[in-house]
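In what follows, a structure is listed as structure tokens, so that the remarks can point back to it.
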Amino acid sequence: MLFHSTFRAELSRYFWATLVVLVSIVMTVLLIRTLGQASRGNIDPKEVTLVLGYTVLGNMHTIITMSLYIASVATLSRMYADSEMVIWQSSGRSSVGLVKPALVFAAPVLVVVASLALVVWPWTNAQTREIRDRYEKRGDLERIKPGEFQESASGNRVFFIDKDSPSDLEGTHIFIAAQEKGLQTITSARTGRVELKGEDRYLVLNNGQRIEINPLKNEIKVIEFKEHGAKLGESAIELSETEAQATQPWNLLKNPIPVNMGELTWRIGLALGAFNLVLLGIAIPYVNPRTGRTGSLVMAMLTFFIYYNLINVSRNAVASGQWNLWGMLVLLHVPVFLLVLFGLWWRNEQLGVLQLLQKLVFFKRGAA
């Protein structure tokens, strides 16, 4: 049909144009953030491009959903502003008739969004975490430079080595200041060397002194030693939330703890939210040719950010144990779906606010 094909063609043009613009903006923002992480020593500067690619790919579900939503609103706003929608309505078409061509166009996009949210998102997080962990394991050793105070990757240790040995794994006049588990420690030694034990690296100190300060108990301990080992590149203690973000959905279901269910609620919510936004993109636009299209676009962006913030809140609610997965999905997304259906009906009836209130009052009196 001409009506459906015309709408899908214009929807496609707006979608791809919006997607290119949003991807460019997001890549610029994430590039600045990634460079900042590299400058702080959280990731290897040589792998900035790789981390940026994983980060952008992991956020593509939101970018694609926003592009589809904006494309729907922009297309219908243009049709209303140019009085094209009036012509279609006079020939017997209504705004509700746009639901079918919109869903036909959006169906493959929604499948892609669901795949990105459920599968690709945890895969990219796992890859990024692996890159950071690999760099942190060698980061402390690389930070130790002769004659300079260097901070560890985790930020809780400061190293100093006055190296005068021909070997790259040995040094003299070593100083280490650290803060761990509420204790402040200061360790100094005449000599030291790096030893490998499995995948871990240790700085073995000889003929030195260790001072432990407990500020809570006002205690100070002084320990002299002939040999002492300090681990380089601590194993990162990952929060359960971070682990859940890097876990595939079937593994989350195998371990249904609140944090895992909260993460799964968020991912499923992204897919359901994308579907509701496709319909909402048809219900919202209505432009008075005298006022322009700005109002619909502002309303579209406002509803998008409110809805996505509610999806984030739903994850926290399930992760804290206040709600279960299915209860939260029904509580959040079903009312939005019903509200969208009401908006489509309202738009189909072409009622103003006062006319809508009068009709609702009439129905209420009739029921009484």
Side-chain angles (χ1 to χ4, degrees), residues 33-52 54 125-240 242-243 246:
R33 183 185 303 175
T34 306
L35 290 174
Q37 293 175 349
S39 65
R40 292 192 298 269
N42 294 331
I43 60 176
D44 190 348
K46 298 178 182 178
E47 297 180 319
V48 167
T49 304
L50 188 59
V51 173
L52 176 63
Y54 284 135
N125 285 331
Q127 298 300 316
T128 304
R129 191 176 73 170
E130 182 180 351
I131 292 174
R132 290 179 177 175
D133 290 348
R134 185 170 64 245
Y135 181 64
E136 284 189 359
K137 285 183 179 179
R138 63 181 182 180
D140 287 354
L141 188 59
E142 290 183 347
R143 280 170 164 76
I144 300 177
K145 298 179 181 179
E148 295 183 10
F149 285 92
Q150 300 293 330
E151 189 178 18
S152 67
S154 58
N156 59 0
R157 289 183 180 180
V158 176
F159 295 90
F160 176 87
I161 290 182
D162 184 13
K163 182 177 178 297
D164 58 4
S165 172
S167 173
D168 292 334
L169 300 179
E170 296 181 3
T172 59
H173 302 102
I174 298 168
F175 172 86
I176 302 175
Q179 185 168 356
E180 300 172 341
K181 299 179 180 180
L183 293 178
Q184 299 175 2
T185 61
I186 301 174
T187 306
S188 59
R190 291 181 179 271
T191 61
R193 65 186 184 280
V194 175
E195 292 186 357
L196 303 179
K197 296 182 180 180
E199 296 182 355
D200 297 325
R201 301 182 182 188
Y202 291 86
L203 180 61
V204 180
L205 308 177
N206 298 307
N207 300 321
Q209 187 182 71
R210 177 182 173 91
I211 301 175
E212 294 183 356
I213 303 174
N214 191 335
L216 298 178
K217 298 182 180 180
N218 294 324
E219 294 180 352
I220 299 178
K221 294 182 181 180
V222 180
I223 304 172
E224 295 186 356
F225 58 84
K226 292 185 177 181
E227 187 174 89
H228 173 74
K231 187 177 179 181
L232 298 174
E234 319 171 81
S235 298
I237 302 176
E238 298 292 341
L239 298 176
S240 55
T242 305
E243 294 177 352

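Please read these numbers as outputs of a predicted model, since none were measured by experiment.
Residues Val48 and Leu35 approach most closely at CG1-CD2, 3.9 Å, considering heavy atoms. Here the closest non-hydrogen pair linking Pro45 and Ala38 is CA-CB, 4.2 Å. When all heavy atoms of Phe225 and Gln209 are compared, the pair lying nearest together is CE2-N, 3.4 Å.
The distance from the CD1 atom of Ile211 to the CD atom of Glu224 is 10.0 Å, given to the nearest 0.5 Å. With values rounded to the nearest 0.5 angstrom, Ile174 atom CD1 is found 6.5 Å from Thr191 atom OG1. In this structure, CG in Asn214 is found 9.0 Å from CD in Gln184, a value given to the nearest 0.5 Å. How far CZ of Arg33 is from CG of Leu52: 11.0 Å, rounded to the nearest 0.5 Å. Atom CD1 of Ile213 and atom CD of Glu219 lie 12.0 Å apart (nearest 0.5 Å). Separation of atoms CG (Leu50) and CD1 (Ile131) is listed at 4.0 Å; rounding is to 0.5 Å.
Taking 4.0 Å as the cut-off between side-chain N and carboxylate O, Arg210 and Glu212 count as a salt-bridged pair.
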